[in-house]
**Q** 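Sharing a structure below in structure tokens format, with a few things to ask.
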2 protein chains.
Amino acid sequence: MSSIRELARRCGVSVATVSRVFNTPEVVSQQTRQLVLGMAAEIGYLPNESARTLATKKSNMVGLVWDTDHRRPGWRHPFLQDILVALKGALSAHGLHLLMLAPDPGAGPGDPRRFLRAVQRHNVDGVVIIDNGSRDPAVLALADAEVPCVALDLRFTGPTCTYITSDNAGGGRLAAAHLIERGHRHIATITGPAGNWPAAQRLAGFREALTEAGIPLADGDVVTGDFYLDSGHAAMTRLLERDPRPTAVFAAGDEMAVGAIKAIREAGLRVPDDVAVIGFDDIEVAALVPPGLTTVTQDKTGFGTAAAESLMAMLAGTATPPEPTTLPTTLILRGST
Amino acid sequence: MSSIRELARRCGVSVATVSRVFNTPEVVSQQTRQLVLGMAAEIGYLPNESARTLATKKSNMVGLVWDTDHRRPGWRHPFLQDILVALKGALSAHGLHLLMLAPDPGAGPGDPRRFLRAVQRHNVDGVVIIDNGSRDPAVLALADAEVPCVALDLRFTGPTCTYITSDNAGGGRLAAAHLIERGHRHIATITGPAGNWPAAQRLAGFREALTEAGIPLADGDVVTGDFYLDSGHAAMTRLLERDPRPTAVFAAGDEMAVGAIKAIREAGLRVPDDVAVIGFDDIEVAALVPPGLTTVTQDKTGFGTAAAESLMAMLAGTATPPEPTTLPTTLILRGST
DNA sequence: CGGTTTCATGTAACCGATTACATCAGATGA
DNA sequence: TCATCTGATGTAATCGGTTACATGAAACCG
């Protein structure tokens, strides 16, 4: 691998000049520039990023902390793929690479500093956190990183931190309003795990809209799930035992909604005639599962692009981190309501 | 940020000793080791990875080249998420980080060296390529990287290269055998784009099994799709116009199979009674779309773990790259056949 | 007891870049 | 004509580690 010194020697110039050709080409003469670039192409010279990072303390890498919950092997964020595609695209456009960090081996598996340490060792210019509400201490510890941080789907603040979330409360309101408009007066909901902020917001918005419409929400009509399919099935089964039975259900996640539909079918009832179902997320299956799941969609691509933008703003050196971004949610009408 | 020299000074030892404490602790005395570790914890010292990489030429980073097809914004690999989860998990276990590389900005958008250059600049210890048969020159150029490379779902050979694929031919055979066993004698297929190797293998295995069973496959019963839903719908629509109409269809991808089911339904026919459908991939929707899609499943997690293992083998310094891995495919019976 | 090992540690070169500062030739201007 | 400015380039310190080699003390051994 040819170094800058080798290239400088071959060109008969100093290393400083070569460096300038690549970093501040405008200060070097046309003639020298072409000489160096030509020779660089000839011998296949490429600057070594580690050396540049060492010298400049800028790595052009953004750390990605993700999938931190080792206790749950099936952990997944519903939009991981969409977010990654958008995030990588947006960062690439700025010449930034995305480093998916392994926990620091020097810290034990339970050490809350295992990601912070990994971040600090690698001179990343910023960090993106993808979580879904686990509130893992190892994630929260990242607020201490003296580096711009953007968290997705997680309230996350700090002197150099901001976050992106969907308008979950608004989405919950949309769902309630839609069901009310469809004439339902007894509406149940399957919410997410206690302590999960997006789930709580969805429930809050939903409840608010019901209250405004003068529709009561009994405690027994609020059942907790864990966002996965089976929990939706189980929750719905319980709801169907209620007397009177709710005529509509708002599930705080599409997977749970699909599970609910399954349970309704198994009980010999029809969707939406006997029980209407509305979900949240608009995952791929929503469009494909019959009768088509009406749902509240999140701007999946927006997560990635907004994260990149917030990060770029902080990298540009604003004194205070950008305000948290709230992505709009919208209703997608399909057959289940 | 405290440096190794700072730490050495505070401990009253040389930088070499500090370095040894972290890299070859067995050669330094118990006493000194504890002194250094204690002080390191106290002042929060962490070694700088860029500096280590510069000195050792090992970065503990694996480059990930992915989503190279800029012409198709919706590009996606059916298993990207599963692969990433497994890959990251397996690499993390070995202390390796995954660097999702942006194309080198110094190369134009169409430059076939844009990924190779990014790889070379970053001192990555290895490269993983996720492709789905685009045969992008920028991907093929990576064979010249003097670094271990593992490609997923792509035949990719070279002095330091190997690849992981599913047993696509075997899967095609499984699909055919299953339909034959179900009594079908007129079976059509929706294949992938010309030049797509996995698709070609699936077709080959499928065709082979039919031939062995003495069942003809007319040219008109082979229709080409592009792996996406709409193409499956369109292909099936054409197949339904055939006279006689096939009684079963093998789609080389689940999304196309779902599209096919949709087309069959829209034509007023039933699945599987009028036309049976079998897919390939076992994506999430397969289980959820009624009547449940019978399909050939790939070992999604296996892609990630096998890639990590092949990579580790090459990093361990074997003279020749490991043989390509062929992951077994198996049949998943559901309601569509 | 002198010589050889062994163990712990130190010295200093090196990895490949960036960059503050110095230099120097030629152009400018009074 | 000489001082001054400008533009292009060079010198050398620096970033934060690793590691070959040197050193010196203690242990071992015939």
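Just so it is clear: chains get the letters A, B, ... in the order the sequence lines come, proteins before strands, and each one is counted from 1.
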**Q** Between D:dT18, D:dG16, D:dT9, which nucleotide gets closest to the side-chain atoms of B:Ser19?
**A** D:dT18
**Q** Between B:Asp136 and B:Arg114, does any NZ, NE, NH1 or NH2 come within less than 4.0 Å of an OD or OE carboxylate oxygen?
**A** yes
**Q** Record whether the side chain of B:Arg5 comes under 3.5 Å of the base of D:dG17 through a donor-acceptor pair of N or O atoms.
**A** yes
**Q** Less than 4.0 angstrom between a side-chain N/O of A:Thr32 and OP1 or OP2 of D:dT9, yes or no?
**A** yes
**Q** Which whole-number value in Å describes the distance from A:Asn123 CG to D:dG16 P?
**A** 9 Å
**Q** Quick check for you: among D:dG10, C:dA8, C:dT18, whose closest atom lies nearest to any side-chain atom of B:Ser29?
**A** C:dA8
**Q** Between C:dG10, D:dC15, C:dT19, which nucleotide has the shortest distance from any of its atoms to the side chain of B:Ala16?
**A** C:dG10
**Q** Apply side chain to side chain contact (heavy atoms under 4.5 Å, CB included) to B:Asp299 and B:Ser166, showing your working.
**A** CA-CA 8 Å; B:Asp299 181 1; B:Ser166 279; 5.9 Å; no
**Q** Could you give the CD-to-P distance, from A:Glu49 to D:dG17, as a whole number of Å?
**A** 19 Å
**Q** Take the protein atom CG of B:Leu54 and the nucleotide atom C1' of C:dC15, then report the distance between them rounded to whole Å.
**A** 4 Å
**Q** Judged by each residue's nearest nucleotide on DNA chain C, which is more toward the 5′ side, A:Ala55 or B:Thr17?
**A** B:Thr17
**Q** Which of the following nucleotides, C:dC15, C:dA17, C:dT18, is nearest to the side chain of A:Val15?
**A** C:dT18
**Q** Quick one: B:Leu35 CG to C:dA8 P, roughly how many Å, whole number?
**A** 15 Å
**Q** Give the rounded distance in Å between these two atoms: CZ of B:Arg121 and P of C:dC15.
**A** 20 Å
**Q** Are B:Lys57 and C:dG16 close enough that a side-chain N or O sits under 4.0 Å from OP1 or OP2?
**A** yes
**Q** Mind listing the N/O atom pairs, protein and nucleotides 22-28 of chain D, below 3.5 Å?
**A**
none

**Q** If you check the A:Pro47 side chain, which of C:dA17, D:dT18, C:dT11 turns out closest?
**A** C:dA17
**Q** Whether A:Asn23 contacts C:dT19 is assessed here as follows: a side-chain N or O lying under 4.0 Å from the phosphate OP1 or OP2. Is that the case?
**A** no
**Q** Establish, yes or no, whether a centroid distance under 6.0 Å links the rings of A:Tyr45 and A:Phe22.
**A** yes
**Q** Which nucleotide in the set D:dT11, C:dT9, C:dA17 lies at the smallest distance from any side-chain heavy atom of A:Ser14?
**A** D:dT11
**Q** Just distance, no hydrogens or angles: give the donor-acceptor pairs under 3.5 Å from side chains in residues 97-113 of chain B, sequence neighbours left out.
**A**
unit_1   : atom_1 : unit_2   : atom_2 : d
B:His97  : ND1    : A:Ala102 : N      : 3.0
B:Asp104 : OD1    : B:Arg121 : NH1    : 3.1
B:Asp104 : OD2    : B:Gly106 : N      : 3.0
B:Asp104 : OD2    : B:Ala107 : N      : 3.4
B:Asp104 : OD2    : B:Arg117 : NE     : 3.0
B:Asp104 : OD2    : B:Arg117 : NH2    : 3.4
B:Asp111 : OD1    : B:Arg113 : N      : 2.7

**Q** How close or far is atom P of D:dT18 from atom CZ of B:Phe22, stated in whole angstroms?
**A** 9 Å
**Q** Using whole Å, what does the distance between atom P of nucleotide D:dT11 and atom CD1 of A:Ile4 come to?
**A** 14 Å
**Q** Output, in order, the C-alpha distance, side-chain angles, deciding distance and verdict of side chain to side chain contact (heavy atoms under 4.5 Å, CB included) for B:Asp125 and B:Asn60.
**A** CA-CA 6 Å; B:Asp125 299 339; B:Asn60 292 322; 4.1 Å; yes
**Q** Under 4.0 Å between a side-chain N/O of B:Ser50 and OP1 or OP2 of D:dC15, yes or no?
**A** no
**Q** Measure CG/A:Asn48 against P/C:dC15 and give the value in whole Å, please.
**A** 12 Å
**Q** Between B:Thr32 and B:Ser29, is there a side-chain donor-acceptor contact under 3.5 Å, judged purely by atom types and distance?
**A** yes
